[in-house]
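Below are the structure tokens for one structure; questions will follow.
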2 protein chains.
Amino acid sequence: MHDKLLQFQQYLHRAGLKATRQRELIARAFFATTTHVSAEGLYRRVGGRHPRIGLVTVYRTLKLLKDAGLAHERQFGDGRALFEHASSERHHDHIICTECGKITEFASVEIEALQEQVVRRLGFHIQYHKLELYGRCRDCSAAAGKGPGVHAIGVG
Amino acid sequence: MHDKLLQFQQYLHRAGLKATRQRELIARAFFATTTHVSAEGLYRRVGGRHPRIGLVTVYRTLKLLKDAGLAHERQFGDGRALFEHASSERHHDHIICTECGKITEFASVEIEALQEQVVRRLGFHIQYHKLELYGRCRDCSAAAGKGPGVHAIGVG
DNA sequence: AAGAAAGTGAAAACGATTATCAGTATCGAC
DNA sequence: GTCGATACTGATAATCGTTTTCACTTTCTT
């Protein structure tokens, strides 16, 4: 975790940017997260400890973290971006629970291989992809899945 | 195509809503599209013929078309929604060209089967999914793919 | 034809994100 | 350490796509 902070600071230095107190606090807060955070969410986390940091600075720092290769930005169709650590983990996709919103990561070599096939067949040269599965997680299935078929779940 | 218009009007009637001139024009324009349209795009198509229709009404009518089961709304991560016919076509996914923006549809039973497996393994009960592949289409590959490795393509 | 109820468009409101700008902090040079 | 160029900050305003509000108009049932 201090590794990453150091990497970030090295990146800033390399790019001729400054290592400010705000950036450090925001980066720390980001590296301390375990799941996906929105800018707003990170803002709240930081704000709790240090009320003087503005949401704008959080956005700017998240952009820097992306530039530094330490964060990935994800769009899950709900209109706001979520950020996750880029670090060591390799490519993965996501399963999102339509009830509790929990996001689970997974990777499947087979799926990716098939994608490659399909894409090649259509003459495309693939650059990246985005696979999102939506459904009820185990907990939510157990809690709500007893009654008669519930189809309208609220997430379009 | 008149089928669909009829279906839409029947839906409106069933729901106690009114079949207005604007709705008919917008629905016609929508059914006349062959690819994915944005609200703005549909607005422009309609506006060309009938300047009195507001963008707001287009949004409202698109929502009705969704409610009627005649349109699907898609989010491709660029911040705006694209709409496609829901009609006969069954489930499919999309390949988006990162250069020209062209959207190609495809379906793969194998990929979906694998998805099911993965999801089940993780205790999820799948409801729907979203798979988007991004890359250069044949035309754009041919046009631009000659030089040295180009990695920064502009679509984050 | 009449009226209740829904529909319309303009403009304002929205939520997430980005740009502007005046004041502030950082950091390399000395 | 101090100085100063330069980047950074935060408040506010602007943007963009979309939705709400509201006064007025249309539809549709009787």
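Below, chain A is the first sequence line, B the second, and so on; all start at residue 1. Being a predicted model, the structure only gives us computed values, none of them experimental.
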Let me know the distance between CD of A:Glu24 and P of C:dC27, rounded to the nearest Å.
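To the nearest whole Å, that distance equals 11 Å.
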
What is the distance from CD of B:Gln9 to C1' of D:dC28, rounded to the nearest Å?
14 Å

Run the ring-ring contact (aromatic ring centres under 6.0 Å, His included) test against B:Phe30 and tell me which residues pass, sequence neighbours left out.
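Counting only residues at least two positions away or on another chain, B:Phe30 forms a ring-ring contact (aromatic ring centres under 6.0 Å, His included) with B:His85.
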
Distance, rounded to the nearest Å, where B:Arg23 contributes CZ and C:dT8 contributes C1':
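It is 9 Å, rounded to the nearest whole Å.
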
Give the rounded distance in Å between these two atoms: CZ of A:Arg21 and P of C:dC27.
12 Å

Within this structure, what is the CG-to-P distance between B:Leu12 and D:dT29, rounded to whole angstrom?
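To the nearest whole Å, that distance equals 13 Å.
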
Where along nucleotides 14-25 of chain D does protein come under 4.0 Å, by heavy atom, of base (B) or sugar-phosphate alone (S), with - for untouched nucleotides?
---SBBBB----

With the side chain counted from C-beta on, respond yes when B:Phe124 and A:Leu133 share a heavy-atom pair under 4.5 Å apart, and no when they do not.
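A side-chain contact is absent here, since even the closest heavy-atom pair is not under 4.5 Å.
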
Any luck finding a side-chain donor-acceptor pair between B:Thr98 and A:Gln127 under 3.5 Å?
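Per modelled atom types, B:Thr98 and A:Gln127 side chains form a pair under 3.5 Å.
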
CD1-CZ distance between B:Ile26 and B:Arg28, expressed to the nearest 0.5 angstrom:
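Result: 12.5 Å between the selected atoms.
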
Between P of C:dT8 and OH of B:Tyr43, the distance in whole Å
14 Å

Do you see a donor-acceptor pair shorter than 3.5 Å between the side chains of A:Glu84 and A:His72?
no

Does B:Thr20 make a side-chain N or O approach to OP1 or OP2 of C:dA6 shorter than 4.0 Å?
no

So does A:Lys18 reach the base of C:dA25 with its side chain, donor to acceptor, closer than 3.5 Å?
no

Grab the N/O contacts between the protein and nucleotides 28-30 of chain C below 3.5 Å, and write none if there aren't any.
residue	atom	partner	partner atom	Å
C:dG28	OP1	A:His13	NE2	3.4

Is there side-chain contact between B:His129 and B:Val119, with at least one heavy-atom pair below 4.5 Å?
no

It should be established whether A:Gln22 places a side-chain nitrogen or oxygen under 4.0 Å from OP1 or OP2 of nucleotide C:dT24.
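So the side-chain polar atoms of A:Gln22 never come under 4.0 Å of the phosphate oxygens OP1 or OP2 of C:dT24.
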
Are side-chain heavy atoms of A:Ile103 and A:Arg74 found at a separation under 4.5 Å?
no

Within this structure, what is the CG-to-P distance between B:Leu65 and C:dG7, rounded to whole angstrom?
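In whole Å, C:dG7 P and B:Leu65 CG are 13 Å from each other.
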
I'd like to check B:Leu70 versus B:Tyr11 (side-chain heavy atoms, cut-off strictly below 4.5 Å). Are they in contact?
no

Rounded to the nearest Å, what distance is computed from the CZ atom of residue A:Arg52 to the C1' atom of nucleotide C:dA25?
14 Å

Can you tell which of B:Lys66, B:Lys130, B:Lys63, B:Arg80 makes a salt bridge (charged side-chain N to carboxylate O under 4.0 Å, His left out) with B:Glu73?
B:Lys66

